[in-house]
Amino acid sequence: MRILHTADLHIGKMLNEWDLLDDTKHVLGQVCQIAEREKVDLVVLAGDIFDRSVPSDRALKAYGDFLSRLINDDHLRVLAIAGNHDSDVRLGAYGSLLERSGYMVASRYEGRIVKVPLSDEFGTVVFWLLPFFQPAEIKTMLGLEKPLSQFTDNEAFKAILSREKVDQSVRNVMVMHQFVAGYEPSGSEEPGLAMAEVAGLSNIAVNNLAPFDYVALGHVHRPESIGRKTIRYSGSLLGYKISECGARGKSVTIVDLKQKGDVGIKEVPIVPLHPLREVSGTFDQIMGLRPDRESFVFVHLLDENVVNQAANRLAAVFPRYLSIDYPNQKPSDGPLTMPQFAELDPIEFLKEFYRERTGRDLKDQDLDLVRKVLDGLGKEDPR
């Protein structure tokens, strides 16, 4: 059985003021082409189908067109789960009606993991569809007595799995959208609280996934395997953060499930419509660069002082610029003028405002919190 594993589609995503729907449709089209070219039997979508819990009409249509091409045109099965960005109600609204067409979605954990048994020449493969969960929800649903402060994601997963029986004489594939211990943070799903990351409170231990021949993960935007090659994040289809500039490219994962114990893995690259890019230099140096109208660009101005009208002037060279910062900026002798403040991106504005008010610089952990608040503006709580 040949599987195409992908995740974190984030259909409807905005990158600053840029609408990424055309970029998303571009890479979804590549997923369809790869599925056809690689002659896969089914496509697995491991969560965060949409970027918002209430997706726009355009986002819903883009997903519907994507499914139609896979299911109606290419006659493939599609197995999907909800991620933390998805609304279980909306994602699962027509799931039962579409099952006969080959589309199965698990949008909410209801006390049992949704299992989909399929067959090939080597026998049975059972797909376990476990949507994103919060430990508090699991504790309440299963009526567990353990204090919530001690009930981690790992404890919740063990409780979920204890209610199931995994027949290890057949091949088993787990599809889930959680952090697994050992991942490398990347993209927009970096943990928000350093202490939670250090303590491993939001991580599931790799050894708890031992019963499964392949684990198709979503939630981390970097393609990587955890512990063993068959516990794998496919990564997102697009990059969204400065940390993804120049990093390993995006891809989907092709999984070959042969006889029990024989699993082949390969990455197939995805090419974005508008790649992410960083540029550094003084304002004059950057203005002398070859214009790039296609890339999304993070600009680092190495000037020691804020450049007047920098944003408007840089837009002529990099019209898709995402942010401008001044890593070498010297503390000002006096307060910045309003025109100078207007030239700063929101992070730089807050840094300057704090410095003017207190005479001190914001700490890194405070800046991280500010970035997460700004990233979440305009989004509904997916829980």
Side-chain angles (χ1 to χ4, degrees), residues 1-7 30-47 66-67 69-81 95 98-106 112-131 157 160-178 180 182 204-218 223-235 251-270:
M1 186 173 295
R2 175 165 272 203
I3 305 163
L4 188 153
H5 163 207
T6 190
Q30 290 180 60
V31 171
C32 295
Q33 292 169 0
I34 293 167
E36 182 178 8
R37 187 173 68 244
E38 294 289 334
K39 295 181 169 52
V40 303
D41 299 298
L42 73 156
V43 174
V44 167
L45 307 176
F66 174 58
L67 291 179
R69 184 168 171 184
L70 291 174
I71 297 169
N72 297 331
D73 297 349
D74 297 334
H75 308 291
L76 297 174
R77 285 183 175 270
V78 177
L79 306 181
I81 62 168
L98 296 173
E99 285 181 20
R100 296 180 66 181
S101 71
Y103 176 64
M104 172 69 78
V105 58
R112 293 287 181 183
I113 301 177
V114 174
K115 292 176 277 295
V116 181
L118 300 175
S119 298
D120 63 8
E121 66 269 31
F122 298 108
T124 300
V125 181
V126 180
F127 289 83
W128 301 65
L129 307 184
L130 178 60
F157 181 72
I160 289 169
L161 208 56
S162 70
R163 298 167 62 86
E164 310 287 346
K165 183 176 181 180
V166 184
D167 181 358
Q168 295 192 56
S169 68
V170 302
R171 292 159 296 165
N172 294 278
V173 175
M174 170 64 78
V175 184
M176 58 193 297
H177 191 93
Q178 306 287 151
V180 174
I204 292 171
V206 170
N207 62 303
N208 288 324
L209 299 169
F212 300 97
D213 298 84
Y214 183 75
V215 181
L217 294 168
E224 59 181 312
S225 293
I226 307 295
R228 54 182 166 93
K229 71 174 185 176
T230 53
I231 300 176
R232 184 164 179 81
Y233 288 101
S234 64
S251 62
V252 297
T253 301
I254 302 296
V255 185
D256 279 308
L257 280 178
K258 301 174 186 176
Q259 58 190 351
K260 182 80 173 176
D262 187 357
V263 182
I265 305 281
K266 76 172 180 177
E267 293 182 20
V268 179
I270 291 288

- [ ] Can you measure from CG (D262) to CG (L257) and round to the nearest 0.5 angstrom?
- [x] 9.0 Å

Task: Verdict with reasoning, M174 to Y214, per side-chain contact (heavy atoms from CB on, under 4.5 Å) - done: CA-CA 6 Å; M174 170 64 78; Y214 183 75; over 6 Å; no

TODO: List in chain and number order the residues that pass side chain to side chain donor-acceptor pair (under 3.5 Å) with T253, two or more places apart in sequence or in another chain; answer none if no residue qualifies.
DONE: R232

Task: Rounded distance (nearest 0.5 Å) linking atom NZ of K39 with atom CG of L76 - done: 12.0 Å

Open item on the list: So which atom in G227 and which in V206 form the shortest heavy-atom distance, rounded to 0.1 Å?
Closed with: CA-CG1, 4.3 Å

TODO: Check whether any side-chain heavy atom of I3 lies under 4.5 Å from a side-chain heavy atom of V40, and answer yes or no.
DONE: no

Open item on the list: I'd like to check R77 versus Y103 (side-chain heavy atoms, cut-off strictly below 4.5 Å). Are they in contact?
Closed with: no

Task: R37: side-chain contact (heavy atoms from CB on, under 4.5 Å) partners, not counting sequence neighbours - done: I34, V268

Open item on the list: Measuring from atom CG of L42 to atom CG of L79, what distance do you get when rounded to the nearest 0.5 angstrom?
Closed with: 5.0 Å

TODO: Indicate the atoms forming the closest heavy-atom contact of D73 with R69, along with that distance.
DONE: CB-O, 3.1 Å

TODO: Flag the pair K258 / F122 as yes when at least one side-chain heavy-atom distance between them is below 4.5 Å, and no otherwise.
DONE: yes

Open item on the list: For R171 versus D120, what's the shortest heavy-atom pair and its separation?
Closed with: NH2-OD1, 2.6 Å

Open item on the list: Looking at S169, is its backbone amide N or carbonyl O close enough to the side chain of D167 to form a donor-acceptor pair, meaning the two atoms are under 3.5 Å apart?
Closed with: yes

Task: Sub-4.5 Å side-chain heavy-atom contact between P223 and S234 - done: no

- [ ] Measure the spacing between OG of S251 and NE2 of H5 and express it to the nearest 0.5 Å.
- [x] 10.0 Å

Task: Any side-chain heavy-atom pair of L217 and I231 under 4.5 Å - done: yes

TODO: Would you please test V173 and D213 for side-chain contact (heavy atoms from CB on, under 4.5 Å) and show each step?
DONE: CA-CA 6 Å; V173 175; D213 298 84; 5.6 Å; no

Task: pair F66-C32: side-chain heavy atoms closer than 4.5 Å - done: yes

Task: Exam field: side chain D74 to backbone N72, donor-acceptor pair closer than 3.5 Å - done: no

- [ ] Could you walk me through whether V180 and Y233 pass side-chain contact (heavy atoms from CB on, under 4.5 Å), step by step?
- [x] CA-CA 9 Å; V180 174; Y233 288 101; 3.9 Å; yes

Open item on the list: Minimum heavy-atom separation for R228 and L209, please, with both atom names.
Closed with: NH2-O, 3.0 Å

Task: Side-chain donor or acceptor of D256 paired with backbone N/O of R2 under 3.5 Å - done: no

- [ ] With sequence neighbours left out, write down each residue that passes salt bridge (Lys or Arg N to Asp or Glu O under 4.0 Å) with K266, or none if nothing qualifies.
- [x] E38

Open item on the list: Return the OG1 to CG distance between T124 and L118, rounded to the nearest 0.5 Å.
Closed with: 9.0 Å

Task: Derivation and outcome, side-chain contact (heavy atoms from CB on, under 4.5 Å), residues F212 and T230 - done: CA-CA 9 Å; F212 300 97; T230 53; over 6 Å; no

Open item on the list: Side chains of I113 and F127, heavy atoms from C-beta outward: is any pair under 4.5 Å?
Closed with: no

- [ ] Check A7 against G218 and note the closest heavy-atom contact, atom names and distance.
- [x] CB-CA, 3.7 Å

Open item on the list: For A35 versus V43, what's the shortest heavy-atom pair and its separation?
Closed with: CB-CG2, 4.4 Å

- [ ] Could you tell me whether Q168 atom CD has more than 12 heavy atoms of other residues or ligands within 6.0 Å of it?
- [x] yes

- [ ] Any chance you could measure L45, atom CG, to T6, atom OG1, to the nearest 0.5 Å?
- [x] 7.0 Å

Open item on the list: Given L4, which partner from the list L70, V78, D41, V252 fulfils the side-chain contact (heavy atoms from CB on, under 4.5 Å) test?
Closed with: V252

Open item on the list: In the structure I gave you, are the side-chain heavy atoms of V126 and V170 within less than 4.5 Å of one another anywhere?
Closed with: yes

